[in-house]
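Everything on this sheet refers to the single structure shown next.
Because only heavy atoms are used, hydrogens play no part in the values below, and waters and symmetry mates are left out as well, while side chains stay in. Everything quoted here is computed from the prediction, not taken from an experiment. We count residues from 1, following the sequence as given.
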Amino acid sequence: MKHLISSRYRAYSLAALLAASASPLALAPSAQAQEAITIEANVALVSDYRFRGISLSDRDPAIQGGFDISFANGFYVGTWASSIEPVGNSELELDLYAGFAFEAAGAEFDVGALVYTYPGESDVHYWEFYGSVAFTTGALESTFGVAYAPEQDNIGGDDNLYLYYDASYPLGDSGLSLIGGIGYETGAFGDPDGDGDDKWNWSLGLAWSALGVDWSLAYIDTSESLSEGNSTAVLTISKAF
């Protein structure tokens with residue numbers, strides 16, 4: 001993740017941490033515990049870290065990764081990190097989250113809370129609630145989601161709302177999937193170019209697996225007139241453990 005599909009993939013010893021987290025390691029006291037607790041990790045290299053359409057890496061490549069601990073009752077906790085264009089003294093975004101995932105009426109639901117932190121810099125962290133519902137119609141996989149950050153001093157005393165739709169559609173037996181999405185944002189982060197209009201972002205691309213990793217190449221654009229939101233193609237190479 002970020003725990004949701006776009007929902008959103010820092011260069012230090014994160015890779016070692018992920019490798020350790022993915023191994024049968026340290027939480028293996030009993031078979032019962034292994035059945036009740038699942039640890040998953042992920043790592044990715046992206047040509048540009050685009051978060052809700054806006055580049056947070058100054059249009060440069062970024063390394064990303066995280067891990068999740070999931071419990072049999074549907075609760076989970078996790079963390080995710082990415083290298084970024086410096087925020088004050090910090091060149092790292094570190095997200096911490098906890099939530100609850102469950103299935104009902106043929107759909108998958110996910111609700112939780114997340115805090116964005118920037119180690120090395122103070123008074124810039126903020127938090128938000130999120131929720132999504134995912135379902136399949138024929139071969140089309142759809143996800144509708146919402147993220148809401150209440151009023152907080154660290155985001156200018158304002159709140160923020162983000163709504164999105166993501167989709168994936170397999171292209172026959174080719175091994176390729178067509179992926180895309182659209183999002184709308186209003187509030188503290190909803191007008192980065194300052195023109196008075198709320199932000200829209202959208203993407204369209206292809207995803208596939210090869211050489212033991214997952215790949216995607218997507219065209220990403222926004223309604224904002226600033227270089228960080230200009231249209232671009234983003235290549236992602238990722239691996240889940």
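- For the ring-ring contact (aromatic ring centres under 6.0 Å, His included) test, no residue two or more places apart in sequence or in another chain qualifies with Y219.
- Here T222 contributes atom OG1 and E185 contributes atom CD; the two are 10.5 Å apart, rounded to the nearest 0.5 Å.
- To the nearest 0.5 angstrom, E85 atom CD is 8.5 Å from S55 atom OG.
- Put simply, the side chain of T79 reaches to within 4.5 Å of the side chain of F67, judged on heavy atoms.
- The two atoms that bring A98 and V77 nearest to each other are CB-CG1, 3.9 Å, heavy atoms only.
- In this pair, Y126 and F189 present their aromatic rings tilted. The plane angle is within the 30 to 60° band.
- No salt bridge links R52 with E228; every basic N to acidic carboxylate O contact stays at or beyond 4.0 Å.
- Among all heavy-atom pairs drawn from S238 and A44, the shortest one is CB-CB, 3.8 Å.
- In terms of the side-chain contact (heavy atoms from CB on, under 4.5 Å) criterion, residue partners of I179 (sequence neighbours excluded) are, by chain and number, S168, A207, S216.
- For the atom pair CZ (F135) and CZ (F109), the distance works out to 9.5 Å, reported to the nearest 0.5 Å.
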Under 3.5 Å donor-acceptor pairs involving side-chain atoms of residues 144-157, not counting sequence neighbours:
{"residue": "Y148", "atom": "OH", "partner": "D159", "partner atom": "OD2", "Å": "2.8"}
{"residue": "Q152", "atom": "OE1", "partner": "W127", "partner atom": "N", "Å": "2.9"}
{"residue": "Q152", "atom": "OE1", "partner": "W127", "partner atom": "NE1", "Å": "3.4"}
{"residue": "Q152", "atom": "NE2", "partner": "W127", "partner atom": "O", "Å": "2.8"}
{"residue": "Q152", "atom": "NE2", "partner": "P150", "partner atom": "O", "Å": "2.9"}
{"residue": "N154", "atom": "ND2", "partner": "H125", "partner atom": "O", "Å": "2.8"}

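- Considering all non-hydrogen atoms of both residues, D191 and G196 come closest at OD2-N, 2.8 Å.
- In this structure, CZ in R50 is found 8.0 Å from OG in S57, a value given to the nearest 0.5 Å.
- Tested against E93, the residues Y116, Y49, Y118 include a single side chain to side chain donor-acceptor pair (under 3.5 Å) partner, Y49.
- If you take CG on N73 and CZ on F100, they are separated by 7.0 Å, rounding to the nearest 0.5 Å.
- Closest of all the heavy-atom pairs between L140 and A167 is CD1-CB, 4.0 Å.
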